[in-house]
K.L.:
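I am attaching a structure below and will ask some questions about it afterwards.
What you see is a predicted model; the values in this text were computed from it and never measured. Throughout, protein chains are lettered first and strands after them, A, B, ... in sequence-line order, and every chain is numbered starting at 1.
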There are 2 protein chains.
Amino acid sequence: MPRGQGFGQGRGGGRRKMFFLESCLLVLLHREQGYGYSLMDGLKEYGFRTEEMDISILYRALRELETAGLVVSSWGEDSLGPQRRMYTITPQGESTLTEWIQALRQRRMEIEALEAAYDAVKKNN
Amino acid sequence: MPRGQGFGQGRGGGRRKMFFLESCLLVLLHREQGYGYSLMDGLKEYGFRTEEMDISILYRALRELETAGLVVSSWGEDSLGPQRRMYTITPQGESTLTEWIQALRQRRMEIEALEAAYDAVKKNN
DNA sequence: TTTATCTATTGACTTTTTGTCTATAGTGAG
DNA sequence: CTCACTATAGACAAAAAGTCAATAGATAAA
C-alpha cells in the first residue's frame with residue numbers, strides 16, 4: 001500500500017519539490033562551496049524565480065541536507081557584514097547526488113512518456 | 001514573496017504529485033472514457049506502481065477533476081458487479097490538458113538542465 | 001436464503017510538507 | 001546610540017497526500 005512513486009516514506013507527499021531543490025543545491029555545492037545567498041543566486045540557473053522565493057525555504061533545505069550528512073557547514077572567514085555559514089558537500093553527499101540524478105532521469109523519462117502518449121492521441125483528431 | 005515554482009496558490013506545496021497523476025488521467029480520458037479501476041490499470045503505462053498505490057488517491061484525483069469541470073461522470077451501463085462511475089473528458093479538460101502538457105515539458109527541460117550541469121562538473125574529476 | 005466474497009466508490013482521520021511571518025545577531029554608517 | 005542592512009533560524013498555519021475504514025450492489029457457495 002505505501003511507498004508511492006519515486007522515493008520518500010512520509011505521508012503528505014514524501015519529498016517532491018524539495019527534492020528538486022536539494023538536488024540543485026547539491027549540484028551547486030558539487031561545483032564549489034557556498035553559503036545561503038550565493039546558493040540562492042546559483043539557483044537561477046535551474047529556473048528558480050528567486051525573487052519570488054522566500055529564502056527560509058533554502059535554509060531549511062540546507063539544514064535538512066546537513067542533518068542527513070550530505071553537506072557540512074562552518075562559519076566562514078571574515079566577510080563584510082555578518083558571518084556566513086559556508087556549506088561543503090561530503091563524500092556521502094556526492095554519492096547520494098549520483099542516485100538523485102538517476103531518479104530525476106527516471107522522472108524525466110516518465111514525463112517524456114506522457115508527452116509522447118498525448119502527442120500520439122492528438123494526431124488522431 | 002509568493003507564487004513559487006510551476007503553479008498552484010495554496011501553501012502546503014500547491015499541486016506537485018497530484019499534478020502528474022491528474023495529467024496522466026486526462027491523457028487516458030483523452031484517449032477513451034474510463035472508470036476507477038480501468039484508469040488505475042492505465043496508469044501503469046506511465047510508471048505508476050499501482051499495486052503499491054491506495055486507490056483512494058485515484059478517486060480523489062477524479063473528484064477534483066470533476067469539481068474543476070475537466071471531466072464529467074455518469075453511472076455506467078450494467079456491468080457485472082456494482083455500478084461503475086464512467087468519466088469523460090470535457091472540452092475544458094482538453095484545453096487544460098494542453099496547458100498541463102506544456103508545463104510538464106517545461107519541468108522536463110529543467111530536469112535536463114540539471115542533469116547537464118551535473119554531467120559537466122562530473123567530467124572535471 | 002443466509003453468508004461470504006468480490007468489485008467499485010466514498011468519506012474521515014492524520015501526518016508531513018511547505019509557505020509565511022517574525023526573531024536573533026553581527027556589521028557599518030550617520 | 002540608533003538605524004539600516006545582511007545572514008540565518010525558528011515557529012506557526014494551511015494544505016496535500018497517505019491510511020483506514022464504511023457503504024453498497026452482485027454473484028457464488030453452503
K.L.:
Separation of A/Phe19 atom CZ from C/dT17 atom P, in whole Å?
P.N.:
14 Å
K.L.:
Given C/dT9, is OP1 or OP2 found less than 4.0 Å from the side-chain N or O atoms of B/Arg85?
P.N.:
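Indeed not, no polar side-chain atom of B/Arg85 lies that close.
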K.L.:
Can you classify the ring geometry of B/Tyr118 versus A/His30 as parallel (below 30°), tilted (30 to 60°) or perpendicular (above 60°)?
P.N.:
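Answer is tilted, since the angle falls between 30° and 60°.
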K.L.:
How many Å lie between CD1 on B/Ile55 and C1' on D/dA21, as a whole number?
P.N.:
15 Å
K.L.:
In whole Å, what is the span from the CZ atom of B/Phe48 to the P atom of D/dG18?
P.N.:
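Distance, rounded to whole Å: 10 Å.
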K.L.:
Hey, does the side chain of A/Tyr37 come within less than 4.0 Å of D/dA7's phosphate (OP1/OP2), counting only N and O?
P.N.:
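So the side-chain polar atoms of A/Tyr37 never come under 4.0 Å of the phosphate oxygens OP1 or OP2 of D/dA7.
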K.L.:
Out of D/dA17, D/dC20, C/dA8, which has the shortest distance to the side chain of B/Asp54?
P.N.:
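Within the option list, the nearest is D/dC20.
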K.L.:
Less than 6.0 angstrom from the centroid, inside 45 degrees of the normal: does B/Arg85 satisfy that with respect to the ring of B/Trp75?
P.N.:
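Yes - B/Arg85 lies over the ring of B/Trp75, closer than 6.0 Å to its centre and within 45° of its axis.
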K.L.:
Between atom OH in B/Tyr87 and atom C1' in C/dT9, what is the gap in whole Å?
P.N.:
8 Å
K.L.:
Could you work out which one of C/dC21, C/dA8, D/dT19 sits closest to the side chain of A/Ser56?
P.N.:
C/dC21
K.L.:
Can you check whether A/Tyr87's main-chain N or O pairs, donor with acceptor, with A/Ser73's side chain at less than 3.5 Å?
P.N.:
no
K.L.:
Is any side-chain heavy atom of A/Leu26 closer than 4.5 Å to a side-chain heavy atom of A/Val71?
P.N.:
yes
K.L.:
I need the CD1-P distance between A/Ile57 and D/dA11, as an integer number of Å.
P.N.:
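Rounded to whole Å, this separation is 17 Å.
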K.L.:
With a cut-off of under 6.0 Å to the ring centre and 45° to the axis, is B/Arg107 in cation-pi contact with B/Phe20?
P.N.:
no
K.L.:
Given atom CG of A/Leu58 and atom P of C/dG19, what is their separation to the nearest angstrom?
P.N.:
12 Å
K.L.:
Let me know, please, whether B/Arg60 or B/Tyr35 comes out on the 5' side of the other along DNA chain C by nearest nucleotide.
P.N.:
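Nearest-nucleotide comparison on DNA chain C picks B/Tyr35.
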K.L.:
In whole angstrom, give the distance that lies between atom CE of B/Met53 and atom C1' of D/dT19.
P.N.:
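My rounded result for the distance is 14 Å.
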K.L.:
Just the rounded figure in Å: distance from P of C/dT17 to CD of A/Glu22.
P.N.:
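Rounding to the nearest Å, CD of A/Glu22 and P of C/dT17 are 10 Å apart.
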K.L.:
Taking 4.0 Å as the cut-off, does a side-chain nitrogen or oxygen of B/Lys17 come that near to OP1 or OP2 on C/dT17?
P.N.:
no
